[in-house]
Amino acid sequence: MLKIKSQNISLLTYIILFFCLVSLSTDLILTNKIFWGTLFFLSFIFSKIHFKFKSIAVGVFALGALYIQLIFNQYVLSEDFFLNCLGVLLIIKFSELKNKNNLLSYNLISMIIAVASLIKGQDILSTLNSFLILILLVVNMYLIQQKEILDFSLKNILKYLGFALSIFPIIIIFYLVFPRAEVNFRLFDTSASSVGIPDSIDLGSFSQFSNSDEEVFTLINNNFKKEDLYFRVKIFDYMEKDQSWRPSSSYYLFSEFKNSLRINGNEDLNKNYQIILEPYKKKWIPSLKNSKLVTNDIQITKDYFNQSFVSRELIDRKKKLIFKMNKSDYSLDNPLKNYYTLLPENVSPKIKEWVNKNNVSTKEEFIEKIYKRFSDGSYFYNLSPQINSNNKYENFFFNSKEGYCEYYAGMFVLLTRLAQIPSRIVTGYYGGDLNEIGNFFQFKQKDTHAWAEVWFDERGWVRIDPTRAIPNSNIRNSLNNYFVNNDKFSSSIFSNNFFKTINFYFNYVDFVWTQHLLSYDDNERKNFIKELLNLNFSKIIVWIFVPILLFVSIKLLYNFNSTNLMRLKLAFILLGKKRKLQIKNSDTIQEIYLKLMEKDKTKYQNFFKFYEKQIYSNNQISFIKVLKLVF
């Protein structure tokens, strides 16, 4: 049997530290995790040595570690930074756990981390992890107060779990009542990140952004076809002299061309869609073309020039948005059309010559010639193309003939602009991965894509994806599942059908949890508080106390035996009679019997006889006989 001294509970302390760091380290970069690992190693060394000014040394050590953590958080005093500081302090506090006060302080920091993670965490794993930390903390704090050696039998384990489960209603009510406030304060502007779409694109710039399985958003399926899922994020419409593309700001477009854009009509297509954004810490909002935001969120605005959405604040929490599809008629005047044909003067003469030679008929026929050239079998889709020329587009178009979406979209827009056809590059996410269990699409960073839009006076902006012209046989490698479905391109463990199904089920459970969690918004929180104040208990209140009811039921079942059953019967006999009969807690069973009324003595004579035998002798009565005596 496992026994443990109350003053030597290092095992449970290790476990609590592990789960606390797991809850905090999910979003940390690798170097930050290595830093925390180094801190733990140093704290472990500190815990084994003793010297006169150890407390001062640990304090200086903590200040230095907090400053380094501030550097890792890019000098941003945000919620994440304060949580990471708690993680750093918890690791350092591990170096001085030699007395009860330090252990209690350690548990207090852990409890703050657990509650903060519970409020912040929006996926099922982080929530379960927070609950587990709180359970372990209650048990640990109970053990700290004990002086004797504790026996970890099944009975004691149930008792410890009972203490832990008893705080569940408080945790859940705290979770439902406490508002999810945001605190962010930047000391310096450091916005470097490899998530999302780059601020400017050049041939090869997408490679560092697309090679990731990090989730970006989820689309709740509403009879969508996968090939129609082009979620736009950024539009690149200006080519610099170095042949890189950058987006024009909505402020610039509005100030320069506000009289050149006209939008008429707003036909509702009677189709809505919902997306759940991951906390990718950017301001852009992925959306389909011709969308209108239904969710009432004053932080999100629409850029009508680019038909895209942007948030005034960083998306650092999961957020559910609802859009509806509509149809409007756009018209551009010549100044804006001319802007979408601008190119620098140093464009390759060889590319210009090809355009002049092939642009001899209509816009549609010229665009068809470009598409046919990409599909003639000589061009390849490759995530790692060779770039060995200063004139990158010329080399790609005439020599190397391999690249990925950014190459083909940029080349296409360059050719159409040389033909005086207004066009632009659109970047975002394409395809996604359909979860057939839950009927939703998951979009990851590897689903980043670039395509082109061409302006036709009669039809407006028309999407053309030149990458789709590449034959499947010419796809050398791709991270986007839509471009290739061959198993040889998948390096994931979930490429196996069995593991993929398991992954689908887990993602479905997490999706359902997130749906319910995000549905509990600020209005729902206020309604919940109103119900509490009005004593109008809903089903959710009942479910709050399910853990306690479950524990009580298990404990009653565990303690269901002959002796406890007879004690329960005795309590029933004396119910409401103790004061009248002057029965004391110190009375023996014979003294209790003698104080009973005569009719009760006659009625319960056999019961008291066998009760004394059951409790005070080694001759136990059969369970069947006890049932007959009791009932």
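Take Ile34 and apply the side chain to side chain contact (heavy atoms under 4.5 Å, CB included) test, not counting sequence neighbours, and it matches Leu30, Thr38. Applying the ring-ring contact (aromatic ring centres under 6.0 Å, His included) rule to Trp451 yields the partners Tyr230, His449; only residues at least two apart in sequence or on another chain are considered. A search for side chain to side chain donor-acceptor pair (under 3.5 Å) contacts involving Asn221 returns Asn439, not counting sequence neighbours. Scored by the side chain to side chain contact (heavy atoms under 4.5 Å, CB included) test, Lys289 finds Arg232, Gln307, Glu453, Trp461 as partners (sequence neighbours excluded). Not a single ring-ring contact (aromatic ring centres under 6.0 Å, His included) links Tyr238 to another residue, sequence neighbours left out. Checked against salt bridge (Lys or Arg N to Asp or Glu O under 4.0 Å), Lys324 has the following partners two or more places apart in sequence or in another chain: Asp268. For the side chain to side chain contact (heavy atoms under 4.5 Å, CB included) test, residues two or more places apart in sequence or in another chain that qualify with Glu278 are Glu215, Lys318. Not counting sequence neighbours, the partners of Phe309 by the ring-ring contact (aromatic ring centres under 6.0 Å, His included) test are Phe323. Listed by chain and number, the residues in a side chain to side chain contact (heavy atoms under 4.5 Å, CB included) with Ser378 are Asp376, Lys401 (sequence neighbours excluded). Judged as a ring-ring contact (aromatic ring centres under 6.0 Å, His included), and not counting sequence neighbours, the contacts of Phe40 are Phe94.
Defined by atom type and a distance below 3.5 Å, a donor-acceptor pair is missing between the side-chain atoms of Arg468 and Tyr408. Side-chain atoms of Gln442 and Asp447 form no donor-acceptor pair, as typed in the model, at a separation below 3.5 Å. A donor atom on one side chain and an acceptor atom on the other are not found under 3.5 Å apart for Glu227 and Tyr430. A donor-acceptor pair shorter than 3.5 Å cannot be found between the side chains of Tyr304 and Ser250.
Counting only heavy atoms from C-beta outward, the side chains of Asn222 and Lys271 approach each other to under 4.5 Å. The shortest distance between side-chain heavy atoms of Ile276 and Lys320 falls below 4.5 Å. The side-chain heavy atoms of Met411 and Phe374, taken from C-beta on, include a pair separated by under 4.5 Å. In this structure, the side chains of Leu288 and Tyr273 come closer than 4.5 Å at one or more pairs of heavy atoms. In this structure, the side chains of Ile425 and Thr427 come closer than 4.5 Å at one or more pairs of heavy atoms. Counting heavy atoms from C-beta outward, Phe19 and Ser110 have side chains that stay 4.5 Å or more apart. Here the side chains of Phe397 and Leu414 are not in contact, with every heavy-atom distance at 4.5 Å or above. A 4.5 Å side-chain heavy-atom check between Ile133 and Cys20 finds at least one atom pair inside the cut-off.
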Practice problem: Start with the C-alpha distance between Ile367 and Val454, add both sets of side-chain angles, then the distance that settles side chain to side chain contact (heavy atoms under 4.5 Å, CB included), and finish with yes or no. | Solution: CA-CA 9 Å; Ile367 291 172; Val454 177; 3.8 Å; yes
Exercise. Output, in order, the C-alpha distance, side-chain angles, deciding distance and verdict of side chain to side chain contact (heavy atoms under 4.5 Å, CB included) for Ile370 and Arg373.
Key: CA-CA 5 Å; Ile370 302 174; Arg373 180 179 175 91; 5.8 Å; no
Quiz item: Under the side chain to side chain contact (heavy atoms under 4.5 Å, CB included) criterion, do Lys327 and Asn290 qualify, and how do the steps go?
Solution: CA-CA 6 Å; Lys327 184 180 179 181; Asn290 298 322; 5.7 Å; no
Quiz prompt | Step-by-step side chain to side chain contact (heavy atoms under 4.5 Å, CB included) determination, Asn32 to Trp36 | solution = CA-CA 6 Å; Asn32 203 159; Trp36 280 20; 3.4 Å; yes
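Taking the six-membered ring wherever Trp is involved, the centroid distance between the rings of Tyr393 and Tyr407 does not fall below 6.0 Å. With ring centers used as reference points, Phe443 lies 6.0 Å or more from Tyr429. The six-membered or imidazole ring of Phe35 lies near that of Phe72, with a centre-to-centre distance under 6.0 Å. Taking the ring centroids of Phe254 and Tyr251, they lie at or beyond the 6.0 Å cut-off.
Checked by atom type and distance alone, the side chain of Arg417 never pairs as donor or acceptor with a backbone atom of Pro422 at under 3.5 Å. With Thr295 contributing its side chain and Ile322 its backbone, the two residues share a donor-acceptor pair below 3.5 Å. In terms of modelled atom types and a separation under 3.5 Å, the side chain of Thr416 and the main chain of Phe412 share a donor-acceptor contact. In this structure, Asn474 contributes its side chain and Gly377 its backbone to a donor-acceptor pair below 3.5 Å. Looking only at distances, no side-chain donor or acceptor of Ser311 sits under 3.5 Å from a matching main-chain atom of Leu314.
Rounding to the nearest 0.5 Å places CD1 of Ile285 at 4.5 Å from CD1 of Ile300. The distance from atom CG of Leu277 to atom OG1 of Thr218, rounded to the nearest 0.5 Å, is 9.0 Å.
Residue Asn266 qualifies as enclosed at atom CG: its count of foreign heavy atoms under 6.0 Å is above 12.
Residue pairs that meet the salt bridge (Lys or Arg N to Asp or Glu O under 4.0 Å) test with at least one member in residues 234-243, sequence neighbours left out, are Asp199-Lys234, Glu240-Arg246. For residues 294-310, the set of pairs meeting the salt bridge (Lys or Arg N to Asp or Glu O under 4.0 Å) definition, not counting sequence neighbours, comprises Asp297-Lys319.
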